[in-house]
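Here is the structure we will look at, set down as structure tokens.
Just so it is clear, the structure is predicted and the values come from calculations on it, not from any experiment. Computed over heavy atoms, backbone and side chain alike; hydrogens, waters and symmetry mates excluded.
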Amino acid sequence: MKNPKRILVAHADAHTRRILTMLLVESGLSVQAVEPETEAVNNLNGESFDLALIGHVAPSDDLFALSVPLREMQPDLPIVMLLPELELPVVVQGIRHGLTDVLPLRTDPKPVLRRIMTLVGIENYGEPTAAELAEVEATLAQLDPSIATEAVDVETAEHRERLWKGLRELHLEREIIAAAQAGMDEKARLLGEDRRQLLDEKAAFALEVEELKAEGRELDGEWVELERQRKSLQSDRNNLEQFEQDLRRREAAVSDQKMTVPPMPILRSSGTEQELKTEWDRLERAKSSFAAERAMFRDERMLLSELDDKIRKKEELLRNLGEQVKDLDRKRRGLPPPPPKAFAKAGLPKGPVRKVGLFKSLLGDST
């Protein structure tokens with residue numbers, strides 16, 4: 001005798017679980033009934049089943065919680081879900097979770113039993129085959145010819161078969177149309193969500209553009225202030241250079257005077273020595289003043305260099321913000337992206353870059 005097919009029953013309703021177990025055992029199957037919990041299924045690890053029945057009382061339950069441990073226990077196990085009423089979203093979700101079938105379990109369990117028998121490889125469950133019907137009719141005809149089955153007209157049988165076939169095709173087309181309508185409704189819902197998302201992104205994009213424009217205006221104000229400071233520092237630099245030239249001329253004049261006047265005769269005369277001492281004190285004071293001015297000029301030059309670096313960084317930031325505003329405006333208008341910079345025409349930089357070059361030329365390279 002062949003080993004019977006093994007069925008795992010995990011239904012939430014205990015009464016339904018007992019009824020299913022009894023009917024399946026009466027049909028010649030081996031049944032293992034457990035609570036519909038992950039722990040109960042994990043305890044069966046190592047056992048092999050030909051089919052698993054899972055079910056819930058209400059569709060609001062966690063319908064597909066048992067499909068994961070069942071797949072981990074036996075990847076090729078057919079899983080059938082039993083529900084009080086079928087709903088198309090639940091059926092679609094069950095197909096996505098890899099279920100073999102989703103069936104309604106109403107008062108009559110015979111359709112469910114026939115489907116289970118078909119899935120486990122037992123055909124024509126509960127229905128006599130054509131050979132068995134012919135044998136019964138032949139036996140009845142031999143026992144009592146009066147109750148023999150009347151011969152059916154072939155043409156009538158063909159018409160009847162075509163009629164039933166057309167009805168089945170019509171029912172199938174209705175199901176296909178209902179599924180297509182549900183799919184169209186789902187697509188319309190998704191399109192509505194995408195449209196709302198696009199509107200939100202458009203509003204966020206407009207807000208970002210306004211923020212960038214405000215930052216651009218602030219940077220323009222900072223650039224004006226930096227330009228004013230640059231002009232002020234350039235004026236101070238010119239004054240310092242003029243003062244340095246005056247100091248150099250005075251130092252040169254004092255050096256020439258010291259070289260042309262002989263020191264020895266001056267030391268011999270008290271009046272000349274006093275004048276020389278006075279001039280020497282003036283020279284020392286001039287040297288001290290010149291050293292102080294030179295240190296101040298060096299500090300001013302370092303300050304100018306730092307300010308020049310800040311101006312370059314601000315100009316670079318302004319250029320980047322300008323490019324971002326242009327890109328955002330181009331995207332908003334739906335224009336194509338600009339060509340790569342490698343193909344752009346070479347030329348002098350515009351705007352703040354020329355200003356920086358002019359500022360560097362005015363400052364000059366000093367040691």
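A 6.0 Å sphere centred on CZ of Arg332 holds more than 12 heavy atoms belonging to other residues, nucleotides or ligands. Dense packing is recorded around CE of Met22, with more than 12 heavy atoms of other residues, nucleotides or ligands lying under 6.0 Å away. More than 12 non-hydrogen atoms from other residues, nucleotides or ligands lie less than 6.0 angstrom from CD of Gln242. Other residues, nucleotides and ligands contribute at most 12 non-hydrogen atoms within 6.0 Å of the CZ atom of Arg250. Open room surrounds CZ on Arg174; 12 or fewer heavy atoms of other groups in view lie less than 6.0 Å from it.
Counting heavy atoms from C-beta on, the side chains of Glu227 and Arg230 come closer than 4.5 Å. You'll find the side chain of Met73 reaches within 4.5 Å of the side chain of Leu44, heavy atoms only. Proximity of Asn238 to Leu240: side-chain heavy atoms (C-beta onward) are nowhere separated by under 4.5 Å. Inter-residue side-chain proximity for Val102 and Leu99 is flagged as met; some heavy-atom pair is nearer than 4.5 Å. Using a 4.5 Å cut-off on side-chain heavy atoms (C-beta onward), Glu47 and Phe49 make contact. When side chains are defined from C-beta on, Gln74 counts as touching Ser48, because their heavy atoms get closer than 4.5 Å. Residues Ser30 and Ile7 are not in side-chain contact: their nearest non-hydrogen atoms beyond the backbone lie 4.5 Å or more apart. Looking at Leu20 and Leu82, their side chains come closer than 4.5 Å, going by heavy atoms from C-beta outward.
Between the Arg6 side chain and the Asp50 main chain, no donor and acceptor come within less than 3.5 Å of each other. Between the side chain of Thr100 and the backbone N or O of Ile79 there is at least one donor-acceptor pair closer than 3.5 Å. Put simply, the side chain of Thr118 gets close to the backbone of Arg114: a donor and an acceptor are under 3.5 Å apart. Distance alone, capped at 3.5 Å, is enough to place a donor-acceptor pair between the Arg71 side chain and the Gly98 backbone. Between the Asn239 side chain and the Ser235 main chain, a donor and an acceptor come within less than 3.5 Å of each other.
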### Task
Might you work through the side chain to side chain contact (heavy atoms under 4.5 Å, CB included) test for Leu29 and Val25, ending with a clear yes or no?
CA-CA 5 Å; Leu29 301 176; Val25 170; over 6 Å; no

### Task
Would you check, one step at a time, whether the test salt bridge (charged side-chain N to carboxylate O under 4.0 Å, His left out) holds for Asp281 with Arg285?
CA-CA 6 Å; Asp281 293 338; Arg285 288 194 299 271; 5.1 Å; no

### Task
Would you please test Asn42 and Glu37 for side chain to side chain contact (heavy atoms under 4.5 Å, CB included) and show each step?
CA-CA 9 Å; Asn42 290 332; Glu37 297 178 355; over 6 Å; no

### Task
Start with the C-alpha gap between Leu328 and Phe205, add the side-chain angles, then the distance that decides, and say whether side chain to side chain contact (heavy atoms under 4.5 Å, CB included) holds.
CA-CA 8 Å; Leu328 290 174; Phe205 175 75; 3.1 Å; yes

### Task
Could you walk me through whether Glu175 and Leu172 pass the side chain to side chain contact (heavy atoms under 4.5 Å, CB included) test, one step at a time?
CA-CA 5 Å; Glu175 293 181 352; Leu172 180 61; 4.2 Å; yes

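Within the model, atoms CG of Leu8 and CG of Leu51 stand 9.0 Å from one another, a figure rounded to the nearest 0.5 Å. The distance from the NZ atom of Lys213 to the CG atom of Asp220 is 13.0 Å, given to the nearest 0.5 Å. Of the inter-residue distances, the one linking Leu283 atom CG with Leu276 atom CG reads 10.0 Å to the nearest 0.5 angstrom. A distance of 11.5 Å separates CD of Glu218 from CG of Leu318, quoted to the nearest 0.5 Å. Atom-to-atom distance recorded for Trp280:CH2 and Glu284:CD is 5.5 Å, nearest 0.5 angstrom. Distance check, rounded to the nearest 0.5 Å: CD of Gln229 to CG of Leu303 gives 9.0 Å.
The residues Arg189 and Glu193 are annotated as salt-bridged, a charged nitrogen and a carboxylate oxygen being separated by less than 4.0 angstrom. The pair Glu244-Arg248 meets the salt-bridge criterion, since a charged nitrogen lies less than 4.0 angstrom from a carboxylate oxygen. Contact check on Glu316 versus Lys313 returns no salt bridge, with no Lys/Arg side-chain nitrogen under 4.0 Å from an Asp/Glu carboxylate oxygen. Salt-bridge check for Lys331 with Asp327: failed, with every basic side-chain N at 4.0 Å or more from each acidic carboxylate O. Glu300 and Arg237 are not joined by a salt bridge, as no carboxylate oxygen comes within less than 4.0 angstrom of a charged side-chain nitrogen.
Nearest heavy atom pair, residue Ser67 against residue His97, reads OG-CD2, 4.2 Å. Looking at every heavy atom in both residues, Val120 comes nearest to Lys5 through O-CE, 3.2 Å. The shortest non-hydrogen separation linking Leu77 to Ala52 is CD2-CB, 3.7 Å. Contact record, Pro36 with Ala12: CG-CA, 3.5 Å, taken as the closest heavy-atom pair. A pairwise comparison of heavy atoms in Ala33 and Thr21 identifies CB-OG1, 3.7 Å as the closest pair. Shortest non-hydrogen contact noted between Leu66 and Ala10 is CD1-CB, 4.0 Å.
The same ILVMFWY cluster, assembled from side-chain heavy atoms under 4.5 Å apart, contains both Leu103 and Val31. Both Leu119 and Met117 belong to a common hydrophobic cluster when Ile, Leu, Val, Met, Phe, Trp and Tyr are linked at side-chain heavy-atom distances under 4.5 angstrom. Note on Leu317 and Val209: same hydrophobic cluster, where clusters join Ile, Leu, Val, Met, Phe, Trp and Tyr whose side-chain heavy atoms are under 4.5 Å apart, directly or indirectly.
In summary, the side chains of Gln181 and Asp185 do present a donor paired with an acceptor at a separation below 3.5 Å, with no hydrogens or angles considered.
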